[in-house]
Amino acid sequence: MEFDIIFEPPRATAQEKKYASRNGAVYVYESEQAKEAKRILRMVLAPHTPREPYSGTVAIDVMWRFPYKGKAHYDGEYKATRPDTDNLDKALKDVMTKLGYWEDDALVARETIVKIWHKAHPGLFIRIQPITDTKLIGIQEQDLL
């Protein structure tokens with residue numbers, strides 16, 4: 001399964017927490033910007049939800065395309081500024097889990113996350129593939145250590 005959505009990706013992420021205290025107890029809550037980012041992601045991802053959630057191990061490839069103005073960047077240039085890919089990935093997988101893309105995001109065993117600048121087509125590309133061979137292909141364990 002793969003799909004490409006053209007929209008302006010949110011820059012707020014799930015990691016942008018707020019802290020408050022009440023009666024001596026500290027509690028954590030999600031910022032309004034993070035809530036809005038998840039709402040936008042739900043809106044653009046919902047039409048692509050699979051009929052049945054994945055129940056086995058999967059790999060995902062994700063490309064975040066952020067818009068830019070002027071001549072400071074070029075199409076396809078890696079985006080080396082915030083938000084961080086791990087925070088983008090966390091919010092994305094949380095939303096995908098709630099929409100029913102898979103039974104549990106723990107099923108995602110391999111992922112590639114890229115963020116680039118793209119003037120003409122900002123948005124999000126996602127590919128989800130079942131992993132049928134549970135062994136690392138072409139990589140020796142010692143290569144990873």
Asks: Without swapping roles, check the side chain of Asp104 against the backbone of Ala106 for a donor-acceptor pair under 3.5 Å.
Replies: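 Confirmed, Asp104 side chain pairs with Ala106 backbone.
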Asks: Sort and list the pairs that fulfil ring-ring contact (aromatic ring centres under 6.0 Å, His included) and have at least one residue in residues 30-52, not counting sequence neighbours.
Replies: Phe3-His48
Asks: Would you check, one step at a time, whether the test side chain to side chain contact (heavy atoms under 4.5 Å, CB included) holds for Leu92 with Leu45?
Replies: CA-CA 9 Å; Leu92 177 68; Leu45 291 169; 3.6 Å; yes
Asks: Is there a path of hydrophobic side-chain contacts, each under 4.5 Å between heavy atoms of I/L/V/M/F/W/Y residues, joining Phe7 to Ile113?
Replies: yes
Asks: Name all residues meeting the side-chain hydrogen bond (donor to acceptor under 3.5 Å, both in side chains) criterion together with Thr81; count only those two or more places apart in sequence or in a different chain, and write none if there are none.
Replies: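 Result, side-chain hydrogen bond (donor to acceptor under 3.5 Å, both in side chains) vs Thr81: Lys79.
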Asks: Among the clusters formed by ILVMFWY side chains lying less than 4.5 Å apart, do Met1 and Val58 turn up in the same one?
Replies: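 Per the 4.5 Å side-chain linkage, Met1 and Val58 are co-clustered.
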Asks: Is Ile6 isolated, or which residues cluster with it under the ILVMFWY side-chain rule of less than 4.5 Å, directly or via members?
Replies: none
Asks: State the OG1-CZ distance between Thr57 and Arg110, to the nearest 0.5 angstrom.
Replies: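 It comes to 10.5 Å.
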Asks: Listed by chain and number, what are the salt bridge (Lys or Arg N to Asp or Glu O under 4.0 Å) partners of Lys93, not counting sequence neighbours?
Replies: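 By the salt bridge (Lys or Arg N to Asp or Glu O under 4.0 Å) rule, Lys93 matches Asp89, Glu111.
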Asks: Under 4.5 Å between side-chain heavy atoms, counting indirect links through other Ile/Leu/Val/Met/Phe/Trp/Tyr residues: same cluster for Val62 and Val114 or not?
Replies: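 In one cluster with Val62: Val114, no.
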Asks: Look up atom NZ in Lys71 and atom NZ in Lys119, then write down how far apart they are to the nearest 0.5 Å.
Replies: 8.5 Å
Asks: Can you sort out the partners of Pro130 under side chain to side chain contact (heavy atoms under 4.5 Å, CB included), two or more places apart, ordered by chain and number?
Replies: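 Applying side chain to side chain contact (heavy atoms under 4.5 Å, CB included) to Pro130 gives Tyr54.
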Asks: Which atom pair, heavy atoms only, marks the closest approach of Leu41 to Pro10?
Replies: CG-CG, 4.3 Å
Asks: Applying salt bridge (charged side-chain N to carboxylate O under 4.0 Å, His left out) as the test, list every pair that has at least one member in residues 51-70; sequence neighbours left out.
Replies: Asp4-Arg65, Asp61-Arg127
Asks: side-chain hydrogen bond (donor to acceptor under 3.5 Å, both in side chains) with Lys115: which residues, sequence neighbours excluded?
Replies: none
Asks: Is it true that Lys90 and Asp94 have a side-chain N and a carboxylate O under 4.0 angstrom from each other?
Replies: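 The answer is yes: the pair qualifies as a salt bridge.
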Asks: Quick test of your reading: applying ring-ring contact (aromatic ring centres under 6.0 Å, His included), list the pairs with at least one residue in residues 61-103, sequence neighbours left out, ordered by first then second residue.
Replies: His73-Trp117
Asks: Mind checking what makes side-chain hydrogen bond (donor to acceptor under 3.5 Å, both in side chains) contact with Glu36, not counting sequence neighbours?
Replies: Arg39
Asks: Are the side chains of His118 and His121 in contact, using a 4.5 Å heavy-atom criterion?
Replies: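 Side chain of His121 against side chain of His118, heavy atoms only: contact under 4.5 Å found.
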Asks: Output yes when a side-chain donor or acceptor of Asp105 lies under 3.5 Å from a complementary backbone atom of Thr97, and no otherwise.
Replies: no
Asks: Within this structure, what is the CD1-CE distance for the pair Ile5 and Met43, rounded to the nearest 0.5 Å?
Replies: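 With rounding to 0.5 Å, CD1 (Ile5) is 10.0 Å from CE (Met43).
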Asks: Who are the side chain to side chain contact (heavy atoms under 4.5 Å, CB included) partners of Ala46, not counting sequence neighbours?
Replies: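 Only Leu99 meet the side chain to side chain contact (heavy atoms under 4.5 Å, CB included) criterion with Ala46.
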Asks: Going from CZ on Arg11 to CZ on Arg82, what distance comes out if it is rounded to the nearest 0.5 angstrom?
Replies: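 The CZ atom of Arg82 is 13.5 Å from CZ of Arg11, to the nearest 0.5 Å.
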Asks: Check whether any side-chain heavy atom of Pro9 lies under 4.5 Å from a side-chain heavy atom of Leu124, and answer yes or no.
Replies: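 A side-chain contact is absent here, since even the closest heavy-atom pair is not under 4.5 Å.
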Asks: Mind listing the closest non-hydrogen atom pair of Glu103 and Pro53 along with its distance?
Replies: N-CB, 4.0 Å
Asks: Working to the nearest 0.5 Å, report the span between NZ of Lys38 and CD1 of Ile40.
Replies: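 Rounded to the nearest 0.5 Å, the NZ-CD1 separation comes out at 13.0 Å.
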Asks: Rounded to the nearest 0.5 Å, what's the gap from CD1 on Ile128 to CG on Leu107? Could you check?
Replies: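 Rounded to the nearest 0.5 Å, the CD1-CG separation comes out at 11.0 Å.
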Asks: Would you check if Ile116 and Glu77 make a side-chain contact, meaning some heavy-atom pair closer than 4.5 Å?
Replies: no
